[in-house]
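Below is one structure, written out as structure tokens, with a few remarks after it.
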Amino acid sequence: MGGNNKGRTAPKALVAIVRRPALRSLAGGRRSPFTALTLASYPALLAAAVWPLPATFAVLVPLSYAAEAMLPGRAARALSRAHLGATVRFLSRETAAVVLLARLTPGRPLWFAALAAGLFLFHGLRAVQTWLAEHVDRRHNQMPVVTRNIGLSALRIPPAPRRALLNWRGARLLYLDVLAVVPAAATAPMGLGWTGVAGAAAALMLEIAAVVALLAHARRARHLGDRRRVLAAVDDWVAAYRPEVVMYFSGPVTAVYQATMWLGTLERITPRTLVVLRDRPLAAALGATTLPVVCIPSSVDLMNFRAFDGVRVALFPANVGNNIHMLRVPGVRSVFIGHGDSDKEASFNPYTKVYDEVWVAGPAGRDRYLRAQVGVRDEAVEEVGRPQLAGVLRTSPYAEGTAPHRTVLYAPTWEGWSDDLFHSSLVAMGPAIVRALLARQVRVIYKPHPLTGHRSAAARAAHRKILALLCESTEMPHVAVTGRKPSLYECFNEADALVSDISSVVSDFVASGKPYVVANVAGLPADRFRERYPAAGAAYLLGPDLAELPDILRRIGGPGEDDMAAARRALRAYLLGADHPDPLARFEEAVRRAAARAEARARSLGLNALDPVVHE
């Protein structure tokens with residue numbers, strides 16, 4: 001596993017020891033004592049005020065605030081459904097403070113009347129401030145189009161207010177009443193009723209300052225509510241950019257990695273590319289890119305977006321229902337590029353037949369569709385390689401002598417939508433695999449699929465168990481990668497071997513030429529398993545009892561090439577396509593061919609290729 005990368009240092013994120021999982025919050029338990037304490041504190045406060053028992057009241061006030069702050073969200077929602085929401089609870093405490101002041105200063109009605117009036121005004125201003133915060137937030141963050149890397153100077157979009165100004169609204173503002181209630185409780189026995197009134201005045205001043213600031217932002221952003229004007233400005237910018245290619249993506253934030261993996265490739269090709277998203281949260285969740293990004297949530301707005309008239313190729317990384325809106329745009333050639341080749345059923349979904357073209361990495365992808373017989377025509381399949389793998393190295397720090405321990409990457413796939421596919425090793429084998437690797441004195445990098453635990457509680461439990469095992473082992477810097485960074489390919493470059501499941505991770509790792517192990521969760525015979533999953537053709541197979549693991553580690557850890565090295569070299573071209581020409585060049589050429597086919601079809605329909613395509 002030689003290479004010319006001597007002296008290469010590991011990414012900082014990969015040399016950190018995995019942190020111990022956070023302890024479960026006391027407030028999050030199923031039988032939290034804070035619910036009972038919260039409910040009991042308010043009648044107790046009122047009783048102490050009526051009695052009056054000022055010392056008891058002074059003790060109960062901080063307890064009631066603490067219980068409220070620690071109240072589990074589920075319990076708070078249940079109380080709201082029972083008409084005991086946060087506003088009612090805080091008003092009860094405030095009423096008790098006013099009653100206490102009235103009982104202790106019966107000859108001075110001014111103080112408790114002023115405190116009651118101040119708290120009443122506080123709640124009125126809180127309602128105004130909350131409405132304004134939501135209004136400004138909508139203006140800035142719920143425009144009909146969300147953009148990135150698109151200059152909209154014509155719109156004169158004002159800077160958004162500080163998030164604290166927008167986030168502190170609604171129930172959060174209720175805690176400002178502490179400025180009035182606590183001084184009133186503490187000083188009422190001494191006849192200093194004015195301290196509570198002063199606290200209420202301070203809370204009012206803070207609310208007034210927030211309202212004034214938000215009014216200024218609302219005035220500057222009022223034109224952002226002009227839907228037609230905003231859409232026209234974005235449409236004009238995109239039309240001037242003249243995109244030739246769009247990458248179109250829709251889905252939950254948890255699936256944004258499917259689009260992010262293509263950004264680097266699309267930044268490096270010559271045709272001008274625009275990223276089109278359909279779900280508002282995706283605009284912020286999408287990875288860093290220099291490409292212009294436009295998010296159009298409304299299907300009506302998308303279908304009337306004139307700037308798409310010059311686009312000839314649309315690339316789709318995922319099969320989702322919202323794809324239909326882009327598929328309906330005439331004159332655009334639809335291409336399914338997916339988010340990784342694998343032998344899982346998702347890589348030969350019958351939905352895929354709706355596209356004009358289906359791009360796969362190598363001959364394995366073509367054969368996969370031929371075997372599946374899901375309606376994808378062979379002439380629609382194009383082999384374009386995997387341009388994302390250009391940075392995958394065929395060496396590792398240990399092989400270069402810059403690391404003291406071999407590293408094994410365990411990257412299981414997620415549990416999928418049903419339990420009968422046996423794709424993921426996480427539940428059945430995951431903790432046992434990690435425990436066995438730790439016992440063999442190898443450094444472990446654990447990188448689960450982004451959707452791990454999305455559907456299965458058992459998968460979430462197995463994931464937590466693995467994190468705990470890595471935390472308990474302090475002999476070397478094991479790593480758990482549960483975020484976007486470091487990337488999967490950076491993990492590849494640190495690893496001497498991979499343990500994974502049938503997924504695109506396996507196909508991509510073959511580019512490294514390094515040994516890999518595939519979990520045979522169902523315990524199928526080896527020949528049948530490899531026949532069913534061609535990506536495992538050069539893999540060491542690991543059964544449910546892990547009996548093969550010691551021998552596998554011995555084979556891949558010895559000097560010289562391991563037994564499967566030649567098979568991996570042969571499999572690489574089958575799975576990922578030929579190395580020459582360069583996969584990026586092949587991908588760009590495929591884009592140009594698709595655009596030429598779109599132009600030819602436009603001419604066959606009697607349209608000039610340079611003219612706008614007329615929408616339905």
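- A search for ring-ring contact (aromatic ring centres under 6.0 Å, His included) contacts involving F587 returns W262, W359, not counting sequence neighbours.
- Taking the side chain to side chain contact (heavy atoms under 4.5 Å, CB included) definition, one finds that A458 meets it with V427, S456, sequence neighbours left out.
- Residues that satisfy the side-chain hydrogen bond (donor to acceptor under 3.5 Å, both in side chains) test with E382, not counting sequence neighbours, are R593.
- For A259, the side chain to side chain contact (heavy atoms under 4.5 Å, CB included) partners are M247, F249, L286, not counting sequence neighbours.
- For the side-chain hydrogen bond (donor to acceptor under 3.5 Å, both in side chains) test, residues two or more places apart in sequence or in another chain that qualify with R592 are E588.
- Residue E531 qualifies as open at atom CD: its count of foreign heavy atoms under 6.0 Å is 12 or below.
- Checked against side chain to side chain contact (heavy atoms under 4.5 Å, CB included), R268 has the following partners two or more places apart in sequence or in another chain: T265, L584.
- Here P243 pairs with V238, Y241, L274, V311 under the side chain to side chain contact (heavy atoms under 4.5 Å, CB included) rule; sequence neighbours left out.
- Partners of D236 under the side-chain hydrogen bond (donor to acceptor under 3.5 Å, both in side chains) rule, at least two apart in sequence or in another chain, are R306.
- Here salt bridge (Lys or Arg N to Asp or Glu O under 4.0 Å) pairs that include residues 281-296, with residues two or more places apart or in two chains, number zero.
- Listed by chain and number, the residues in a side-chain hydrogen bond (donor to acceptor under 3.5 Å, both in side chains) with D378 are R366 (sequence neighbours excluded).
- With sequence neighbours left out, the ring-ring contact (aromatic ring centres under 6.0 Å, His included) criterion links Y540 to no other residue.
- At distances below 3.5 Å, at least one donor-acceptor pair connects side-chain atoms of R568 with backbone N or O atoms of G513.
- Applying the ring-ring contact (aromatic ring centres under 6.0 Å, His included) test to F509 and every residue at least two apart in sequence or in another chain returns F492.
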